[in-house]
Each structure stands twice: as structure tokens, then as C-alpha cells.
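A, B, ... follow the sequence lines: proteins, then strands. Residue 1 opens every chain. Worth saying up front: this structure is predicted, and the values here are computed from it rather than measured.
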Number of protein chains: 2
Amino acid sequence: MTDDAGARTTVTQRAIEEIKTRIAMGEFTPGQRLPTERDLAADLGLSRSSMREAIRALTVMGVLEARHGAGIYVTQLQPGDLLETFGVVAEISRGDTLLHLVQVRKILEPAAAAAAAARIDDEGLARLRAEMTAMERGANAEEIVGHDLEFHRIITEAAGNPVLSAILGGLNSRTFRARVWRGYREEGVFARTYREHDAIYRALVERDPDGARVAAAVHIGAVEEWARRQQEEEE
Amino acid sequence: MTDDAGARTTVTQRAIEEIKTRIAMGEFTPGQRLPTERDLAADLGLSRSSMREAIRALTVMGVLEARHGAGIYVTQLQPGDLLETFGVVAEISRGDTLLHLVQVRKILEPAAAAAAAARIDDEGLARLRAEMTAMERGANAEEIVGHDLEFHRIITEAAGNPVLSAILGGLNSRTFRARVWRGYREEGVFARTYREHDAIYRALVERDPDGARVAAAVHIGAVEEWARRQQEEEE
DNA sequence: GACGGAGAGTGGTCGTACCAATTTTCAGTA
DNA sequence: TACTGAAAATTGGTACGACCACTCTCCGTC
């Protein structure tokens, strides 16, 4: 406040950057309990209120976790933590961005399916089978969405890249998924989806990366068609 | 505080969700000025301090922007806004996650290069040429890093998908890039990088999507080798 | 009409008091 | 001595009020 470093910034933003830097430099490590809010505020030279704002920001970013009465902890800093807010883009976007988002999925999901074809174990395959069955039996859209999500999540996990999982997890948020299912008004869409899931599943069973890649691309292609229609309706 | 919805949450978190919902439902629109902090707090039934924490969180998420003395605004909600914190994963990660991050780039950058081959205009090509020249003339690592980043950014922009641009923007953060360049200790690495950039550039000039895809994959493959060595050294 | 200054409004910061959840300490009992 | 339960202390969460720093609007003057 007395001294501005040329750029107009806030003490809270400075505290955010300082904590991030200390983490990046290894001074604060994954899972570590930090000093108390009060001590951090004193250490970094700002009020407790402003420090709380910084902590809230870092919490939302997945860097810190506040436990009421117990202290402030650095998260494990896993991609799942750090990309927690990634889903907001899927929740909020419409029109153009929705389409662009699906097009990114069209790049990533075939690659994930190909990697999964090489790596998925028998338990993973059994769980995929179970999700497909549960989807068939689904009583309502919400249940179907849940199993649809789980089907994709199992494949993505099997690909073995947590960054990829976190990104696809965000792109595949429940809210977004429910929008897609609600947007499917034509008859026969469930049957087609089931067939597409089955094609992916069979390629995984055969350990056929290219087959899985193509099947996933066809499947996402249908979602892309939907998103393109959404975009056109909004114009 | 008087009424908990089963799950233990905070009034601040509730306010965050409420604002997000109002945006997703179209009640608050891109670029709109929101009611004042004081009014929002009264409207949502919490204190101004807690409301400020919520606003800070939404600001860091790229959903809102606070202008000192002028009010709180909804951002344009573009992918570049909403994925602003995406870069934290690149800034903080090391070891395994660094490698996984590069592997995601290895999926996305070839796809971006292929799309760019179909779409880039003459101006884009000229700018790529200029960045390659500037990189050759770079006086120090920082300058080289800047032009390296810009080279990749031009290609990604030319692909025409803002979600993809934002993701690769985050994966390609300056901090991360500087780490890679600092990690390059062998001789000849600059020359190889230049050759790889040139191969990408030539494929773009030829409007050859597959050529661009392969050239980009080779280029990222080298970064992957570096990340793999980083991981092994840390074990 | 243009410019400058004053006042009002609004975000940013600080400090204090108190509440809500967790952890630690202490006393009592077996 | 060890264990348990209650009380005290600690720590995050919330609210409030005062004041500072910045922006915007309005009004007066040239």
C-alpha cells in the first residue's frame, strides 16, 4: 500500500503469489499443514481478512485446503486438485465455446481410448460392462448420465495420465452431460449411444488401440453434431 | 449457518455457487456490471467480508473481475478467462505430473498443428518466420523462451479453437518453458529445436496437416524425453 | 463545449468481537 | 499407570464497523 511495484496490485494478490512461489520452490510441501491464518498474515504483512481472501482463492484453485478448527493444508497438488475449477468452463459455456470444448474432447478422448486399449485390466473391463448394463436399466436421465459419466471416467483413468483425467473430468462435467442428454430429443439416441459404447468396449477387450481410437472419435462426433446444432440455434 | 443442507459448507461457498448459477442461467451476462459488494451481500444474506471472499474466488476463477472504485463485472466468460488458473498445474508440478502434462501436450499440439495447416493465413506464416528469426538472434534464455512461446502460440491460435488455445496456453506457461530451457544442458539443442520448428513451419506453408502433425509430435517428443529424465532424477 | 475540482460511491484493507469445529490438556477413575 | 471424558485452548468462519484508495459523476468556470 505504501509501495507499489509499478503495477497496481492488491496485498491479497501478492499473498497468493507468495504462497504459490513457496510451494513451487518446495518450501511448502504436498500435504503439509501451514502456519495459522493469523501467523501467515503476520508473516506476509497483511491483515487476517486479506489473508483469508488469499487463502480462499488458493482453496478454490485446489492448492490449499482449509479445515475448520484444524488448520490450513497444502493439497497433494495432484492434477485432480489443481484442475478442480476446470469444470467451470463446461458449466458456463454455450454456443461457440461449447462446440470448441467438444472439439477438444474429440482430440483427447480417442487418444485416451487408444492408451486404455493397451493398459486396461480385467477389472476395468468388468466395470465398463457393468456401467453399460446399468445404463440400459437406468430409470431416468440422471441415472443414465451418472453411468455414462462413469463409463468415460473408467476409460480415461485406464489411460494412466492424471492430467488427462483431470482435463477430461472437467470437460465431462455432470452439468454439461445432463445438458447434452436433455438436448437429445430424437428417438433412437440411446440405442446409438449404447452401440457406440459397445464398439469402444469391444476394441478395449481386443486390445486394439486404433480400433478404440476410431470408435471414440465416432462417439464424440455425435456429441459434436449436437453442439453444432446448439450453436446454430443460438445464432 | 442456521440451516445446514446436510453437507458441511460455508456461506461463502454458497455465494460462489449462487453467482455461478445465475451466470449459467443467463441472469448475469458476459461483461455485465453486478450489484455492489454491499448489495450482493445483502441480497445473498451474508456479510460483506464473506461476500468479498466469494468474489475473490470467482475473480481467480476468471468468472468475475473487480475494478477498484468502479464495480464488479462478469468477464466475457471466454475460455481464456475461465482457464486462467489452468497454468498453476504447470507452475507447480514436478516429477510424474510434469511428464503427464507433456504427454497431454503430445496429444494436443499435433492436432493443433494439423488444424493450423488448414487454416493459417499468410500473415500468420510471416509471424512464425519472424519468431524463428528472433529466436536465432536471441541474446539470452529469457528472450529465446519468449519467442519459443510465441511460435507455439501463433500456431495454436491459427487452429481456431479458443478452448484448445487456453489449455495449451496453460500447459505452455512461461515458467514451465523456462524450466525446460534451463534443463537443456546438452550442446546442439538449440539447433535441433530450430530444425524442428522449421519442419513444422514448412508443413504449414505446404498446407500439409499430416506433415504438421508429425513434425509437432517429433518436437514434443524431445520435450517428453526431457521430462522423463526429470522424473528419473527425482526418484 | 471543455476542463478541473469536489463529492459521492465503490472496491480494498484493517481490526475487533464472536461463533463453530477441532485439538489438546487435565482431572478422575479403574 | 492407562484410559476416558470434559473443559480449555486453538483455529477456521462470520459479521461488523471504520477508514483508505480509486473511479465516476456532476457542477462551476473559462
Would you give me the side-chain donor-acceptor pairs under 3.5 Å for residues 83-93 of chain B, sequence neighbours excluded?
| residue | atom | partner | partner atom | Å |
| --- | --- | --- | --- | --- |
| B:Thr85 | OG1 | A:Thr85 | OG1 | 3.3 |
| B:Ser93 | OG | B:Val89 | O | 2.4 |

Quiz item: For B:Gln13 and D:dT14, what is the distance between atoms CD and P respectively, to the nearest whole Å?
Solution: 10 Å
Exercise. Please determine if a side-chain N or O atom of B:Thr12 lies less than 4.0 Å away from the OP1 or OP2 oxygen of D:dT14.
Key: yes
Polar atom pairs (N or O), protein with nucleotides 23-25 of chain D, under 3.5 Å:
| residue | atom | partner | partner atom | Å |
| --- | --- | --- | --- | --- |
| D:dT23 | OP1 | A:Arg8 | NH1 | 2.8 |

Quiz item: Are side-chain N/O atoms of B:Gln32 and B:Thr29 paired as donor and acceptor at under 3.5 Å?
Solution: yes
Exercise. Counting heavy atoms from C-beta on, name the nucleotide in D:dT11, C:dT13, D:dT14 closest to the side chain of A:Glu53.
Key: C:dT13
Quiz item: A:Ile72 CD1 to D:dT10 C1': how many Å, rounded?
Solution: 13 Å
Quiz item: Starting at CZ of A:Arg14 and ending at P of C:dG12, how long is that distance when rounded to a whole Å?
Solution: 14 Å
Quiz item: Would you say A:Ser50 reaches C:dC14's phosphate, i.e. side-chain N/O to OP1/OP2 under 4.0 Å?
Solution: yes
Practice problem: Just say parallel, tilted or perpendicular for the rings of B:Phe151 and B:His197, cut-offs at 30° and 60°. | Solution: parallel
Quiz item: C:dT10 P sits how many Å from B:Glu65 CD, rounded?
Solution: 17 Å
Quiz item: When you measure from every atom of DNA chain C, which of residues 54-63 of chain B have a heavy atom less than 4.0 Å away?
Solution: B:Arg56
Quiz prompt | Test side-chain hydrogen bond (donor to acceptor under 3.5 Å, both in side chains) applied to A:Ser50 - qualifying residues, sequence neighbours left out | solution = A:Ser47
Practice problem: Whole angstrom is fine here: how far is it from CE in B:Met51 over to P in C:dG12? | Solution: 12 Å
Quiz item: Which value, rounded to the nearest 0.5 Å, describes the distance between A:Asp39 atom CG and A:Leu44 atom CG?
Solution: 10.5 Å
Quiz item: Per the side chain to side chain contact (heavy atoms under 4.5 Å, CB included) rule, which among A:Val63, A:Ile23, A:Leu34 passes with A:Leu58?
Solution: A:Val63
Quiz item: Would you call A:Arg153-A:Glu150 a salt bridge at under 4.0 Å N-O?
Solution: yes
Quiz item: Does a side-chain N-to-carboxylate-O contact under 4.0 Å join B:Glu224 and B:Arg228?
Solution: yes
Quiz item: Measuring from B:Ile72:CD1 to B:Thr36:OG1, what's the distance to the nearest 0.5 Å?
Solution: 8.5 Å
Self-check item: Residues touching DNA chain C, which here means a heavy atom under 4.0 Å, drawn from residues 35-48 of chain A
Solution: A:Leu46, A:Ser47, A:Arg48
Self-check item: Cationic N near anionic O, under 4.0 Å, A:Lys20 to A:Glu17
Solution: yes
Self-check item: Which nucleotide in C:dC14, D:dG13, C:dG11 has an atom nearest any side-chain atom of B:Thr10
Solution: D:dG13
Which pairs of donor and acceptor atoms, one on a side chain in residues 124-138 of chain A, lie under 3.5 Å apart (sequence neighbours left out)?
| residue | atom | partner | partner atom | Å |
| --- | --- | --- | --- | --- |
| A:Arg129 | NH2 | A:Tyr194 | OH | 3.0 |
| A:Glu131 | OE1 | A:His147 | ND1 | 2.7 |
| A:Thr133 | OG1 | A:Arg129 | O | 3.0 |

Self-check item: Length of the line joining A:Arg52:CZ and C:dG15:C1', which is rounded to integer Å
Solution: 14 Å
